[in-house]
Engineer: 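Below: one structure in structure tokens.
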Amino acid sequence: MNNMEAPPGANLPPSRPNRGSRLLVQMAKRYDLYLMLLLPIAWYLIFHYGPLYGLQIAFKNFNPAKGIFGSEWVGFEHFTRFFDSYYFWRLLRNTLTINLISLLLAFPIPIMLALLVNEIRSKAYSKWLQNITYIPHFISVVVIVGILTVMLSVNGPLNMLIQTFGGDPVRFMESASWFKTIFIGSNIWQNMGWQSIIYIAALSGINPQLYEAAKIDGASRMRRIWHVSLPGIVPVIVILLILDVGQFMNIGFEKILLMQNNLNLEASDVISTFVYTTGILKGEYSYTAAIGLFNSVINLTLLLLVNRFARKTSETSLW
Amino acid sequence: MSQRTPVNKTRHTAKDERCFDIVIYSVAAVIMLIVLYPLLFVVSASFSDPAKVLGGEVWLLPKGVTLDAYINILQNDKIWTGYGNSILYTAVGTTINILMTLLAAYPLSRPDLPLRKGLMLIVTLTMFFSGGLIPTYLLVKDLGMVDTMWALIIPGAVSTYNLIVMRTYFQSSIPWELQEAAHIDGCSNWRLLISIILPLSKPILAVMVLFYAVGHWNSFFNALIYIRREEMYPLQLVLREILLISQSDAVDGSVGLEDKVLLAESIKYAVIIVSSLPVLIMYPFVQRHFVKGVMIGSIKG
């Protein structure tokens, strides 16, 4: 506890607001830590908070010549134009359904996979299962969509299988009705292994005595999973669910963009891809900034709602 | 779903356990097959005669083995430029990522840093709300980064998630007493970081390098919006052209089994293999580190 010199000590009481000068002394002592932070914090301000400042163009008619600040205000004009447009409901419906189905189907599967891994007694076998299911996570989106196109093409293995059983080949990638199935199915294929890691870790932290006790009480393995394993990982499930909802409106945007074509647009047109095609490709910056803002606001609202709900019902939450 | 506990315990449980094991092991086997099949198919198809692939003759093993597709790729300049660009972007990008993440994570891990909570808030808030695509695009454009490699590197210089993982590691794995002792010996914070923290952080640094490098290698969207000059395309954009754009052309026009179509078709498989190779070769060696990274991240939740 001998800190006479400049170096900081650990147990300094947190400085109170009325002792501003003391805070300054503490800060000055550690000026080199702030020096380290200088670049990263500047980066955060520019690249995360800068775009927030730029978001004002959602309420303006952005004119590159006048700049973000100089362009004139138009209020909620872009928002009303979006809500009144014929594609508004299509975009909203696609965005919500794709993400809702993803949440319902793709969210529980890694949990089930983790429970499965946890039940396998052979260490080697369970390692194989884990290592194999992690592989697709490292494949790029472009390659995943490439694999999808070749697997599902008219000459691909799946259509060959269909034809062997006397069916007609299906143009999966060019069909609006198949789009969501393919998108969500391949997401599950790619991510179930990777997403199960956290659950597997949580499962291994459960006290083995709980299983023993349940066994002595005559609980079958299914019952042990249901009454010991699952409750043991509920906090982790809740946290990941909240985080997933926090990304609700943005899930898989890059992949949707790559899978999109004129023939499946009816099902694949979502808010984020629309912002890209209309904003970046066609240059309607203000209009699409407004749409993006609408997207973010829904997203944040959902996150706050779910977090609040989780805190009330399960006492687990992000904050 | 739920399996009843048999009334006559001792007799039936052993049998039940057996059945249960069989079900578990078979389900696991099916899952492994489903995950592996598309990958094996692509590998086989890449070594097969394209006519046989298009004819649907290839199921699992290569038919009419040939290396034509690979030879063709070897001669394709676009792919090699893309490869070179991707290596460059990945190397420079990852270096900057690591430096920036380190410089942010270490001070923020220090319990004695005044205003730490506020600074941390600046960082974590960005996980939940962002300006969105358009304002970010305009910003990068205004900064004059379009059509330079910096557009792919600087806007993503720090991943907040990785920052939090690294900070958690510093807090939980490096004893604070050690840092205090170094201070008493008159060690400055910079020296502390370089000669004490870094050597103790090799595992987490490895994880971070891998996370960031794979991210750079696999990313395509930033290049799609910021890079217009073809000679600057990273591999993933070249891939997108070969795998996805040429395909939609083939759908629009009349699909004849011309040589050109055949060739284009056969290259697809080989190109998937060639582009994924660096990551997949690394995979067995580094897989453990990746998993560790996810675990460290999950401590914080």
Engineer: Would Q26(A) and R30(A) satisfy side-chain hydrogen bond (donor to acceptor under 3.5 Å, both in side chains), going step by step from the backbone distance to the final call?
Structural biologist: CA-CA 7 Å; Q26(A) 296 299 327; R30(A) 297 165 182 80; 2.8 Å; yes

Engineer: Heavy-atom distance under 4.5 Å to chain B: side chain of L161(A), backbone, both or neither?
Structural biologist: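 The answer is both parts of L161(A).
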
Engineer: Taking side chain as everything from C-beta outward and backbone as N, CA, C, O, which of these in I291(A) sits under 4.5 Å from a heavy atom of chain B? Side chain, backbone, both or neither.
Structural biologist: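 For I291(A), there is no contact with chain B at all, as no heavy atom is under 4.5 Å.
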
Engineer: Should T149(A) and K268(B) be marked as a side-chain hydrogen bond (donor to acceptor under 3.5 Å, both in side chains) after you check the CA-CA gap, both sets of side-chain angles, and the distance that decides it?
Structural biologist: CA-CA 10 Å; T149(A) 28; K268(B) 280 185 188 173; 5.9 Å; no

Engineer: Tell me, for Y134(A) versus chain B, whether the close heavy atoms (under 4.5 Å) come from the side chain, the backbone, both or neither.
Structural biologist: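 Both parts, backbone and side chain.
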
Engineer: Does any heavy atom of chain B fall under 4.5 Å from the side chain of S153(A), the backbone, both, or neither of them?
Structural biologist: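 Answer is neither: S153(A) stays 4.5 Å or more from chain B.
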
Engineer: Pick one of side chain, backbone, both or neither for I147(A), based on which atoms fall under 4.5 Å of a heavy atom in chain B.
Structural biologist: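 The answer is both parts of I147(A).
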
Engineer: Y276(A) versus chain B, heavy atoms under 4.5 Å apart: side chain, backbone, both or neither?
Structural biologist: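 Looking at Y276(A), backbone and side chain both touch chain B.
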
Engineer: Using non-hydrogen atoms and a 4.5 Å limit, figure out which bit of T101(B) sits close to chain A: side chain, backbone, both or neither.
Structural biologist: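 Nothing of T101(B), per the 4.5 Å heavy-atom cut-off to chain A.
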
Engineer: Which bit of P157(A) is near chain B, if near means a heavy-atom gap under 4.5 Å: side chain, backbone, both or neither?
Structural biologist: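 Contact with chain B involves both backbone and side-chain atoms of P157(A).
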
Engineer: Chain B heavy atoms under 4.5 Å from L148(A): which part of the residue, side chain, backbone, both or neither?
Structural biologist: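 It is neither, since no heavy atom gets under 4.5 Å.
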
Engineer: Quick check on N159(A) against chain B: is it the side chain, the backbone, both or neither that has a heavy atom closer than 4.5 Å?
Structural biologist: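 Neither part.
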
Engineer: Quick one: what part of W194(A) sits under 4.5 Å from any heavy atom of chain B, side chain, backbone, both or neither?
Structural biologist: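 The answer is the side chain of W194(A).
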
Engineer: Would you indicate whether W128(A), at its atom CH2, is surrounded by more than 12 heavy atoms from other residues, nucleotides or ligands within a distance under 6.0 Å?
Structural biologist: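 Result for CH2/W128(A): open.
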
Engineer: In chain order, what residues pass the side-chain hydrogen bond (donor to acceptor under 3.5 Å, both in side chains) check against S219(B), with sequence neighbours excluded?
Structural biologist: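 Once residues adjacent in sequence are excluded, S219(B) has no partner under the side-chain hydrogen bond (donor to acceptor under 3.5 Å, both in side chains) criterion.
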
Engineer: Given that the side chain runs from C-beta out, which part of M259(A) has a heavy atom under 4.5 Å from chain B: side chain, backbone, both or neither?
Structural biologist: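 No part of M259(A) comes within 4.5 Å of chain B.
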
